[in-house]
Amino acid sequence: MSTDWFAHSCFVPATARRTVSRELDHYRAEARQLLLDIPGSPRNLYISGSLARREPAVTGGGACTLGSDVDLVLVTESRAEGLLIEAKLKDALQAGFPLIDTSVFTVQLDRLPSVRGMFGHDLLAALADPIVEQLAVPAIGGRSAPPQEMFEVFVHAMSNAFFAGLLQNDSRDIATKLALEGLRCALSPALTGPVAYGDIRRHGELLSPIVDRDTIDALIKARELGLKPDLPGGHRRLVACAAAYFLGPSARLDTAGLLGAIEARIDEFDGLMNSYQMSMPLAHVIAETGDATAISLLSRIWQRASRRDIAEEEASLRAADRLASLSAQAPARITEDLFTLRRDYYRLLSAHNFGVRHCADYVVIRHAG
């Protein structure tokens, strides 16, 4: 019996659902056999990401194909052995399915209860439907606050958008992703648990101070069907979503409201992860308007930022020092310095979310919930 891969999709046509579901069922069966053919210790394998949430995207018009990446999570008792199996499995899947963008992530079995972020929430959903399960899964308890984890994802989208020129990505795809992650983040304090893309449409009335129904539908369709809408007002929407996350949708959802919310929270953190996250909305405001208050707040954040989590490289240390003294700094310099620190941020976030290392400096910042 075919899996209902599109249970929570909104606009994918029935014919596309059937076509891509057959493709995914075949992929899943092949992934299972390929993994079982690799010698070594027992292991588990799960499909995570948007496929675990049952809301993948399609692309290709009439000849519809899967538009989402496939995120596989391999669980082994030894991370070192798992990484070797991961490489072999990924190579085999890329050879067998060259048109599917497959990622394989390895998690050590005893680290499963410590996984965090939306990666952890997606994996938790995936555990109920294993591809291969040769190891007993340990009990998994509570996780950190879902709104904070939705803010992580919004920051990731803000970061990609801010560095779009450096990353050489398709700007319209990035803009759609940024808008959707902002709306998920703005909605997260009002809902229990992680927010799916479909929840933006199902609970659109809660977002009415930020976006109208037609724009919501256009964004969801763009993601699900591989479209590239040209939707104006992206910066205003980003500011409104960030302000709504911190203050609630009935608050002042403009630049002044956002800057006031960030200023009220600066004394609540000093770790690199929080500092980078809180810097991203400020960086967008500075790039768009050159706002002096935003520059001052960015400087204050990095004056407080702990240096112990910054890699011992001169470039990273100089970047942090420059961000701490921003008064005469041009936006271009801010871009370069945040891009330099980006690697340190993702190094810490990855270790935190994969359960490898708990970052004690990473705190939940007050939000509207």
Side-chain angles (χ1 to χ4, degrees), residues 4-21 23-24 47-71 99-103 117-119 121-122 125 149-162 164 167 169-188 191 194-204 206-207 210-238 240-242 244-245:
D4 186 3
W5 294 103
F6 294 90
H8 297 139
S9 296
C10 299
F11 294 106
V12 179
T15 52
R17 293 179 184 226
R18 288 193 295 270
T19 299
V20 176
S21 289
E23 179 185 3
L24 283 168
I47 291 185
S48 189
S50 63
L51 289 166
R53 298 192 304 270
R54 300 299 190 250
E55 53 174 3
V58 300
T59 189
C64 231
T65 59
L66 179 68
S68 295
D69 301 343
V70 175
D71 295 329
L99 300 182
I100 294 180
D101 189 356
T102 297
S103 296
M118 292 309 296
F119 171 79
H121 285 290
D122 289 345
E149 297 171 351
M150 295 304 310
F151 187 58
E152 284 178 9
V153 180
F154 187 21
V155 167
H156 178 65
M158 283 192 275
S159 184
N160 283 343
F162 189 70
L167 300 174
N169 286 324
D170 187 308
S171 59
R172 199 171 288 183
D173 285 343
I174 290 175
T176 300
K177 180 76 169 174
L178 178 62
L180 287 170
E181 299 306 351
L183 293 171
R184 285 212 295 171
C185 182
L187 191 58
S188 62
L191 301 183
V195 181
Y197 291 114
D199 289 327
I200 298 172
R201 189 165 189 263
R202 286 185 283 272
H203 301 281
L206 299 175
L207 296 166
I210 301 171
V211 66
D212 60 67
R213 279 281 185 179
D214 288 344
T215 301
I216 288 175
D217 284 357
L219 287 166
I220 299 293
K221 284 180 181 178
R223 181 197 165 268
E224 290 190 354
L225 305 179
L227 307 176
K228 296 184 179 182
D230 186 11
L231 297 172
H235 177 72
R236 182 202 64 78
R237 193 161 44 244
L238 181 154
C241 286
Y245 170 75

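The structure displayed is predicted, hence computed values, not measured ones.
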Could you check L187 against L206 for side chain to side chain contact (heavy atoms under 4.5 Å, CB included), going step by step and ending with a plain yes or no?
CA-CA 7 Å; L187 191 58; L206 299 175; 3.8 Å; yes
Could you check whether any side-chain heavy atom of L225 comes within less than 4.5 Å of a side-chain heavy atom of T59, counting everything from C-beta outward?
no
Test your reading of the model: is there a side-chain donor-acceptor pair from S68 to the backbone of A57, 3.5 Å cut-off?
yes
Can you name the residues that form a side-chain contact (heavy atoms from CB on, under 4.5 Å) with C185, not counting sequence neighbours?
F151, F154, Y245
Output the distance between atom CD (E224) and atom CG (L219), rounded to the nearest 0.5 Å.
11.5 Å
Trace of the side chain to side chain contact (heavy atoms under 4.5 Å, CB included) decision for K177 with N160
CA-CA 10 Å; K177 180 76 169 174; N160 283 343; over 6 Å; no
Indicate the atoms forming the closest heavy-atom contact of I100 with E23, along with that distance.
CD1-OE2, 3.7 Å
Find the distance between SG (C10) and OH (Y197) and round it off to the nearest 0.5 Å.
12.5 Å
Please name all residues satisfying side-chain contact (heavy atoms from CB on, under 4.5 Å) with A186, sequence neighbours left out, ordered by chain then number.
L207, I210, C241, A244
Atom CD1 of I200 and atom CD1 of I220: how far apart are they, to the nearest 0.5 Å?
4.5 Å
Could you tell me if the side chain of L183 sits less than 4.5 Å from the side chain of V211, heavy atoms only?
yes
Out of curiosity, S50 OG to D71 CG, how far, rounded to the nearest 0.5 Å?
7.0 Å
Ignoring hydrogens, what is the shortest heavy-atom contact between C64 and T19? Give both atom names and the distance.
O-CG2, 3.7 Å
Under 3.5 Å donor-acceptor, D212 side chain and D214 backbone
yes
Non-hydrogen side-chain atoms of L66 and P56 separated by less than 4.5 Å
yes
Got a sec, which residues hit side-chain contact (heavy atoms from CB on, under 4.5 Å) with R17, two or more places apart in sequence or on another chain?
F6, S9, V12
Not counting sequence neighbours, which residues clear side-chain contact (heavy atoms from CB on, under 4.5 Å) with D217? List them please.
F11, R201
As a test of understanding, state which of D199, V153, V195 forms a side chain to side chain contact (heavy atoms under 4.5 Å, CB included) with S188.
V195
Assess the residue pair F162 and I174 against the criterion (side chain to side chain contact (heavy atoms under 4.5 Å, CB included)); give the C-alpha distance rounded to whole Å, side-chain angles, the decisive distance to 0.1 Å, and a yes or no.
CA-CA 10 Å; F162 189 70; I174 290 175; over 6 Å; no
Rounded to the nearest 0.5 Å, what separates atom CG in L178 from atom NE2 in H235?
11.0 Å
Would you say H8's side chain and A196's backbone share a donor-acceptor pair under 3.5 angstrom?
no
With sequence neighbours excluded, what pairs up with R54 under the salt bridge (charged side-chain N to carboxylate O under 4.0 Å, His left out) test?
D129
Partners of R213 by salt bridge (charged side-chain N to carboxylate O under 4.0 Å, His left out), sequence neighbours excluded?
E205
Please test D173 against T176 for side chain to side chain donor-acceptor pair (under 3.5 Å), starting from the C-alpha separation and ending with a verdict.
CA-CA 5 Å; D173 285 343; T176 300; 5.6 Å; no
Heavy-atom check, side chain of E152 versus side chain of H156, under 4.5 Å
no
So, taking the atom named CZ in R53 and the one named NE2 in H121, what distance separates them when rounded to the nearest 0.5 Å?
11.5 Å
Side-chain (S159) to main-chain (V155) donor-acceptor, under 3.5 angstrom:
no
Under the criterion side chain to side chain contact (heavy atoms under 4.5 Å, CB included), I'd like the reasoning laid out for V20 against T65: C-alpha separation, chi angles, the key distance, then a yes or no.
CA-CA 6 Å; V20 176; T65 59; 5.5 Å; no
